[in-house]
Number of protein chains: 2
Amino acid sequence: MKNILIVDDDSELRVNLSEILSKKGYHTDEASTGIEAIDKATAKKFDVMLLDLMMPKMSGMDALAEIRKRSPGTKVIMLTAFATVDNAVKAIKKGASDYISKPFKIEDLDAIIRRALEESRFEEGIKKLDMDFTLSSLTNSIRRKVIKLLHQNRGLHLMEITKALDIEDHTKVVFHLKNLKESGIIEQDKEKSYFLTKEGEKTLECMKILENYLSR
Amino acid sequence: MKNILIVDDDSELRVNLSEILSKKGYHTDEASTGIEAIDKATAKKFDVMLLDLMMPKMSGMDALAEIRKRSPGTKVIMLTAFATVDNAVKAIKKGASDYISKPFKIEDLDAIIRRALEESRFEEGIKKLDMDFTLSSLTNSIRRKVIKLLHQNRGLHLMEITKALDIEDHTKVVFHLKNLKESGIIEQDKEKSYFLTKEGEKTLECMKILENYLSR
DNA sequence: GTGTTTTGTGAAGAAAAATTCACAGATCGA
DNA sequence: TCGATCTGTGAATTTTTCTTCACAAAACAC
């Protein structure tokens, strides 16, 4: 069950929200100040925190900064009675997941919570298998070159690839082609010429993104 | 001199803005559509892009996504005639640096541009990463987990990491930590606790990009 | 101090990845 | 048909990567 911490100085709102979210299947806790929120979040792992922007003593914005530092895994959704673009921009840049103005429809809030949970699920890294496969294709520089080559000229024969890469032993190329074939990155037509699959194009795209990112 | 690309379908605004910013000491270019912006940004490196949200054909939001992918170094500031909290949240989450509504005072825009440049100056300090190095760090799933872990909680000790990853033999973890240290992805302070370097954060960013891409 | 936990080293071995080589069927051009 | 080239297999070997283990200094707990 997912843990949600509700942080607001308005106790009525806290209790109401708590009840509604419990019915929706979440486990909820409450805090009435920024300090209390920080303490509770430090002591226990929350998946999501609903954080009021306007609170006496410590503002929600300051609390947000501290919480992002101490509990980076917790997704923070900001609540506010007076939504402004400026504050929204600031909050998101400080690491909030979303920003919703009070009063809100409970369905809207629920949708936002779901989205935040989706993000954290994503960050946990469920897509490990694909990742391993793709990365192990990309780690080898010969394979990277093959992928690029086949993207540039679709449908090359073994010896054409071998010569293009300036490799003496063609069986070395065969080894990597086999590897790429097994990963579903390339295929062969009946004329024995190799070409990228859809997956292959996607892998190439990954490579480009990485190169782009790394070359800065 | 810093390069700024002004993207808006309103040519009057482009010309005005271009003139004002030139006087302020920036070098400016113009684009009237999202497609043109993407092309220009791909061809030449811009430090900052001013991107209108509402444009015919490709929306600024879609252009933003594409530009973040292709030119991750360029800071994007969104302009819009109708500022809404929702759009601001969306834009910032997609990687925009800021969000300003038209009409704006030129001093405000200048302040925002300066802030964006400040951000990129900070990011410039990061060393370029080598593809082979980065990929070989990422291929191993233990190392990937360590990177994620150290991103979430900055400054962990050996045994904390070992327990968090649920590994019996701590020397196995030592092996991978050493590897990461040699690649410049993590460092250790005098209290022996490990944390990500700037390059490490960047590597994590790569990982996220890949995951993001692969999970679609 | 004395035992315990933490943080590591370095060597040995296992496992995985990559290379090299001997060989062979298929195909192509004459 | 005959030699040459292309395409590939499978086994042996090397190289790289990862794991395991024995051991030890340093910090910490009592």
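Every heavy atom of this structure was used, including side-chain atoms; hydrogens, water molecules and symmetry mates were not. Reminder, nothing fancy here: chain letters follow the sequence lines and each chain counts from 1.
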Would you say a side-chain N or O of B:Lys192 is under 4.0 Å from OP1 or OP2 of D:dA27?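 Result: no.
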
Can you tell me how far P of D:dC28 sits from CG of B:Leu158, to the nearest Å?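 Distance, rounded to whole Å: 15 Å.
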
Select base, sugar-phosphate, or nothing to describe what A:Gln188 touches, counting heavy atoms under 4.0 Å on all strands.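 Sugar-phosphate only.
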
Return no unless some side-chain N or O of A:His176 is found under 4.0 Å from OP1 or OP2 of C:dT19.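 Indeed, a polar side-chain atom of A:His176 lies that close.
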
Looking at D:dT9, C:dA18, D:dC18, which one has an atom nearest to any side-chain atom of A:Arg143?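 When the side chain of A:Arg143 is considered, C:dA18 is the closest of D:dT9, C:dA18, D:dC18.
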
How many Å lie between CG on A:Leu177 and P on C:dA18, as a whole number?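 Going from A:Leu177 (CG) to C:dA18 (P), I get 13 Å.
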
Give one of base, sugar-phosphate or nothing for A:His157, where a contact means two heavy atoms less than 4.0 Å apart.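 It contacts sugar-phosphate atoms only.
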
Whole angstrom is fine here: how far is it from CG in B:Leu135 over to P in D:dT16?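 Going from B:Leu135 (CG) to D:dT16 (P), I get 18 Å.
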
Please pick, from D:dT7, D:dT20, C:dT6, the nucleotide with the shortest atom-to-atom distance to any side-chain atom of B:Asp169.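 That would be D:dT20.
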
Relative to the 5' end of DNA chain C, which residue comes earlier, A:Ser136 or A:Glu168, by the nucleotide with the nearest heavy atom?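 Residue closer to the 5' terminus by nearest nucleotide: A:Ser136.
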
Check the distance between C:dT27's C1' and A:Lys190's NZ and give it to me in whole angstrom.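 It works out to 17 Å between those atoms.
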
Heavy-atom side-chain contact between B:Leu156 and B:Tyr194 under 4.5 Å: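 A side-chain contact is absent here, since even the closest heavy-atom pair is not under 4.5 Å.
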
Taking atom P of D:dA26 as reference, at what distance in whole Å does atom CD of B:Glu191 sit?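 For the pair B:Glu191 CD and D:dA26 P, the rounded distance is 18 Å.
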
Given atom CZ of A:Arg144 and atom P of C:dA18, what is their separation to the nearest angstrom?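 Interatomic distance, CZ of A:Arg144 to P of C:dA18: 11 Å.
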
Between A:Asn179 and A:Thr171, name the one whose nearest nucleotide on DNA chain C is closer to the 5' end.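 Whichever sits nearer the 5' end wins; that is A:Asn179.
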
I need the single residue from A:Asn179, A:Leu165, A:Ile147 that forms a side-chain contact (heavy atoms from CB on, under 4.5 Å) with A:Ile142. Which is it?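 Exactly one pass, corresponding to A:Leu165.
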
At less than 4.0 Å, is any side-chain N or O atom of A:Lys172 found next to OP1 or OP2 of C:dA17? Yes or no.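 No.
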
Specify the separation, in whole Å, of atom CD1 of A:Ile161 and atom P of D:dG8.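 To the nearest whole Å, that distance equals 10 Å.
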
Which nucleotide in D:dC6, D:dC18, C:dT7 has an atom nearest any side-chain atom of B:Phe175: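 Nearest to the side chain of B:Phe175 among the choices is D:dC18.
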
When you measure from the side-chain N and O atoms of B:Lys178 to the phosphate of D:dC18, is any distance below 4.0 Å, counting only OP1 and OP2?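 No, no such contact exists.
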
Return no unless some side-chain N or O of A:Tyr194 is found under 4.0 Å from OP1 or OP2 of D:dC6.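 Negative; the distance criterion is not met.
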
Looking at A:Asn140, does any N or O in its side chain come under 4.0 Å of the phosphate oxygens OP1/OP2 on C:dA18?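 For C:dA18, OP1/OP2 do have a side-chain N/O of A:Asn140 under 4.0 Å.
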
Once you round it to whole Å, what is the distance between P of D:dC18 and CG of B:Leu180?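 Atom-to-atom, B:Leu180 to D:dC18, this comes out as 10 Å.
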
I'd like to know if A:Lys90 pairs up with A:Asp86 as an ion pair, taking the criterion as any Lys NZ or Arg NE/NH1/NH2 lying under 4.0 Å from an Asp or Glu carboxylate oxygen.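 A:Asp86 and A:Lys90: not salt-bridged.
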
